[in-house]
Every structure is written in C-alpha cells, then in structure tokens.
2 protein chains.
Amino acid sequence: MPATLRDVAELAQVSVRTVSNVVSGYAHVSERMRQRVLAAIEELDYRANPVARTLRTGRTGMLALVVPEIDVPYFSELARDVIDAAAEFGYRVMIDQTGHDHERERRLLMGDDRTMLFDGILFSPLVTKSELLDMHRSEHMPLVLLGEHEFDGRFDHVAIDNVQAARDAVSHLVAAGRTRIAAIGAQPLEEYSTPLLRTAGYEAALEEAGLQARPGYATPAPHYSRTDGYEAATALMALDPRPDAIFCFSDLLAVGAMRAVFDAGLSVPEDVAVVGIDDIEEGRFARPSLSTVSLDTPFIAREAVRRIVARIDDPSVAAEEVVAPHRLVVRESTAS
Amino acid sequence: MPATLRDVAELAQVSVRTVSNVVSGYAHVSERMRQRVLAAIEELDYRANPVARTLRTGRTGMLALVVPEIDVPYFSELARDVIDAAAEFGYRVMIDQTGHDHERERRLLMGDDRTMLFDGILFSPLVTKSELLDMHRSEHMPLVLLGEHEFDGRFDHVAIDNVQAARDAVSHLVAAGRTRIAAIGAQPLEEYSTPLLRTAGYEAALEEAGLQARPGYATPAPHYSRTDGYEAATALMALDPRPDAIFCFSDLLAVGAMRAVFDAGLSVPEDVAVVGIDDIEEGRFARPSLSTVSLDTPFIAREAVRRIVARIDDPSVAAEEVVAPHRLVVRESTAS
DNA sequence: TTGTAAGCGTTATCAC
DNA sequence: GTGATAACGCTTACAA
C-alpha cells in the first residue's frame, strides 16, 4: 500500500496542507517545516498519486497522439519527436492508431469514454476537413492537427506546404530531364486532404513544364504502404508509354515502387527516376538511396506540442496555422 | 462543463447509485429505471469520467510500453501489435522511450511520480538482469519483460530462444557454404542480455561447423541502428581475410551492413551474404531482400498483454516464461 | 505561515 | 431493487 499525503502529514506532525505545499513547491513554507516534511516523504517513500491530483485539478499531464499506423516510419519518427518534445513541456504521450478506420477517428473526436484521460489531442487525420469541423467539439478537448491543411482557421494545425512540396519534387524530375512523370498516392475520394494538395502540386509542376498529364499516370494508393507502392509501380511499368519517373506521395510508397521497378527488370534511376516525400531514414540506406522532400519532423513535433500546451493553458487562444519548412534532398534515385 | 453522474441522477429522478449501476451494466436494475436513466444520459450527453473512476477503483485501464526507441522498426511494429492486443483486453497503451538511457529506465522501474497512471508496464529493457532484479518493486507495479531472457523466474517475460535463433541464422550461412562468418551486434559489456545470448548462439554454430571464431569478426554495435551496421560492416570489409558472410543481430543492422558492402564495391550475396533477425518489413523490400529470423510479433504482443492483464487481476500469480516461436526466412541476401 | 475542511466524480457499503 | 453516504488522495478556499 503506497503512502498517502495523510501518512506523511502524520509522521511529520504537520497538516496535509503543509505537506501538499512542500510537494508542489509552494513558496511560503518555513525551512524547518520543509525539512521535516521532506524527511517524512523520504522515509515513507511517498509519491503523489497523479490520479487524485488530476481529479482535483482537471489536468492529466498526458497528450494523445493519434496516427493511422504507428509502424509507418514517418509516424514512428514523428512519434519519437513528439514524445521528446512533450517531455520538455512536462507531458507524456499516449499513442493511438486508427488503422485507417474512419469510424475510430470519429469516436476519438466525438470523445469516447476515455477521452478525458488526456489534456489534448495531436491528431494526424485521414478524414476530410468538413467532417472534422462537424465532429470535433473543441470546447471539450484541445486539438492540434498534424499534416493536414485547413483553411478556415478553426483549428490549430502544423503542416508543410503540401502543394509546394509536391511541386518541388516534380520540378526536380523535370530538371533531371524526365518527361513522362507518373504519380503514386493520389486519393480521388478524399477532399481537402494531403493527397489532394500533393496532386495539385504535381499537376501544377507538370503544367509549368509544359508537360501533359497522361491518362493512368496518377495512381491511387489506399494506405501509403510499401505494398501499395509496389503494386502501383508494377501497373505503371506496364503502361505504354512507360513513365520515366515516378513521384511518390510518401517515401514508403517510393521504397515499394523502386522494388517494383527492379522486379520489372528495369533500373532506378536509369530507366525510371523515383522521388518521395518524408525523408525517412530507410530511404537514406536504400539502394539506390532515395531522393525526397525532407520534412522537419522535430520542428513539426515541437510546434504541435507548443500549440497544444498553449491551448490547454488557455482554451480561448486564437488558432494558429504553422507552416513547417521542407527542402528537396537529391540522392541516387534521381541522378541524371 | 461535462455532465456528471449527479446531473443524470437529478434529471432522471433517481439516485446516483442507480445511474452508476446502469452505466456499469449492473444486473439488478429494473427496466423502467434503466430506460429513464438511459434517456437522461442521452439528453445530457453524459460520459463517465475515467479519472474519478480510476481514483475509486485503482485501475486506469492503461498500460505503459517502454522501449529504447519507438522509431526503430522492430519496436514500432511491436508497438502496433501491442496496441491492438491491449485494445482487445480493454486497455490503452502509453508509449515511453528510454533513448538508450539507463538512468531513465531506472527511474521508470523505481516508479517515478507518474507511474501510478498505468496498471502495468511492458518493458523492453536495456539493462542487465541483476540491475533489474534490484530495481523493480514488483509489489507496486505489474511488469512483463519483452525480449529479455531471465532465468530465476521472478518476472514474467516473453522472448524468443535467442541462442537458438542466432544458431539457426549462422547455421544457414554455413549451409550456404560460407566459412568466414562475422557478426555485428555483440555487446561485451552487458550480462545476461539479448546480445550475449545471440553471441553464444553464433559461437555455438561456428563450433558445430568446425569453424574458427576469427579475431575482429565479432563486432559491437551500441544502438542496433542502420548507422551502427554500416560502420561495423565497413570495418569488417577492410579485414584480412575478408568475411564472406555477416550475421547481424537485428535487421536494421543488416540494412546498414548491406549498404556498407555495396559502398565498398562488393555485392550481396555474391561476395558477402547477410542475414538479420526480426523480419521487419523493410527487409522484405530491400535490395537484395534480406534473409532473416522471423519473430512472431503478434504472438509476442498478445502473450505479453495476456500476462500483464493476468497479473493486474491477480498480482500473486506465478511468473511465466513464454518462449515465442521463430523461424528462418531465406531471401536474396543469402542466396547461394 | 499553517490547519481545517470542502469538494473533484466515481464506486461500494450499508440500510431499507 | 434502490437510496443515502462514505471513501479514493489530492488541492485549495477559508480560517486561525
């Protein structure tokens, strides 16, 4: 049975109030008292019960990080940075994965029975903007969106400029002399979401270069997985004319795509150049190493935590739209 | 302000006791009452406050998963399975990373001020056995060890047979005709830990094949990262005689090692065969695809959660030692 | 500066 | 079967 505040007070011959003051670092407590209390705490090996504290204060000191899949490298690398950033602000992180399940996302936003266990949600969503707006009850739970573009300023969010990032990647392929540039990751069904923005950037870059968007060149990829990339690229390799470059909406797709190109008896970058987005470590060690658009994940994580903490402290602060920097990283997979 | 049990009781004209009974699905509630309460809950959009419930029951419904680094693929794939398995048992998972910091591990096991936020710990440790034994106060917090061998039965743990797994990997290299077999991942400083067991398996397999353990062939790798693998393999490639095979203690090391072999102007598997342990998805898409010892992560996750839940329900249950199955998966990186 | 006591929202122990 | 009521361990007015 762990010791309670009361036990400490009894042993130290002081009131619980004084013990509480000492524990929470309250200023006005005499040195004599403080020492006596500290000694009692030490002797009883007392630790404050965070649950009781939470019930009283309404703060749990926990953030929820909600991602589609934690084992997708981009998300696990993001999670790592979020956990570190949260620690700096005195928060811990609970991770939930929605598994590409819109219903699970919905329940989380509506506030299921355990929502109150954390002070705020960092949410990397699948759902479209309009759905989000309708679903979330911002009154009840601070929310920061990750990697999602939002226009009406109702939510905090931190994301890269997805249109520009896609544009940079495709323009790089153009500059490398590629003319038949395909894309993997376009999601025709979603609105206002990352895939749509990246598709827009892809098309804008093509147009800018005076290249046509050929039929069948923009392919979908439901889960942004290696397997999705593999299958999409396999289909692309069978096209006539065959693409001489593939822009993948994520590095994971690109890893799968590269493997598909090899299995089709072709080579990267000679026959087909490949570029991704995310800059996961896997791409740096791949063969050939993967050109990509690097996102500043530590920055994204830090900003997201900073925003959520600000909103927890004052729910009425205006929503902020943080644009994280990105930059093109050229490696072997797009060498001319 | 969210509605409370009291609000519901007032609106439904019943006692809080009755409302609580309805909410927690208590049997003896008349249908009339139940309907009235349900209507009031619906109207007020009531959700039970999990913190208050926790204070009363002592259960938070949360498990902590502690790993060195969440963005190491093996751990993120494990985390995914743990989260899923925990959900089946009605638990959620908080993830903490120790960042290879023994001090952070120690604090966690000693029970820092927020330990009471979860009902049990699933711990994938760095520290040695003896340290663990001294540090953890099992009376206070149910604990299940992952991936660590333990002999004295004081802790639940689930792990593969590390000696045998390493033996299988090395024997496979021997069967493929390799005679100069190096290893990456040996950690001379740790006792009773995974690296030591895998080193033992490596040496046993060599001896069995009548091969000598050459000086400099067993190299350390502090973090089991791609970079560690790269550096170790680079050093190995400069050795005379040069190894014709490398057994890596993790797939991530193997990925780095393969890249180092290429950068040394050699090829896998022709000049150097490479085999890892873990069977992360990255290895299946690598070029060449990586031979490995596949661990049944869903099994490990499920067993670990099953054990921790059993221990939460009854702290006095005897510790169990679960051995998870493993199997050799031969791919391109060790083709003869 | 320190003590007393009233909650925070549940669950559980009593009675009825 | 249902209603009061006392905890759970803490923070914080309010007193002293």
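Per chain, numbering begins at 1; letters A, B, ... match sequence-line order.
When the nucleotides C:dT4, D:dC10, C:dG9 are ranked by their closest atom to the side chain of A:Arg17, C:dT4 comes out on top. Side-chain proximity of A:Ser30 to the nucleotides C:dT1, D:dT11, D:dG9 is greatest for C:dT1. With distances taken from any side-chain atom of A:Val16 to the nucleotides C:dT11, C:dT4, D:dC10, the minimum falls on C:dT4. Among the nucleotides D:dC10, C:dT2, D:dT2, the one closest to the side chain of A:Thr18 is C:dT2. Here C:dT11 is the nucleotide among D:dC10, C:dG9, C:dT11 with the atom lying nearest to any side-chain atom of B:Arg53. Residue A:Arg56 has its side chain nearest to D:dG9 when only D:dG9, C:dA5, C:dG9 are considered. Considering only side-chain atoms of A:Val29, the nucleotide from D:dC10, C:dT10, C:dT2 that sits closest is C:dT2.
Ranked by how close their nearest DNA chain D nucleotide is to the 5' end, B:Arg6 and B:Met33 are led by B:Met33. For A:Val14 and B:Tyr46, each mapped to the nucleotide of DNA chain C holding its nearest heavy atom, the one lying further toward the 5' end belongs to A:Val14.
From one end of the helix from C:dT1-D:dA16 to C:dC16-D:dG1 to the other, with five pairs defining each end axis, the axis direction shifts by 40° (rounded to 10°).
Contact annotation: A:Ser15 does not reach the phosphate of C:dT4 (side-chain N/O to OP1 or OP2, under 4.0 Å). Within the structure, every side-chain polar atom (N or O) of B:Thr4 is placed at least 4.0 Å from both OP1 and OP2 of C:dG9.
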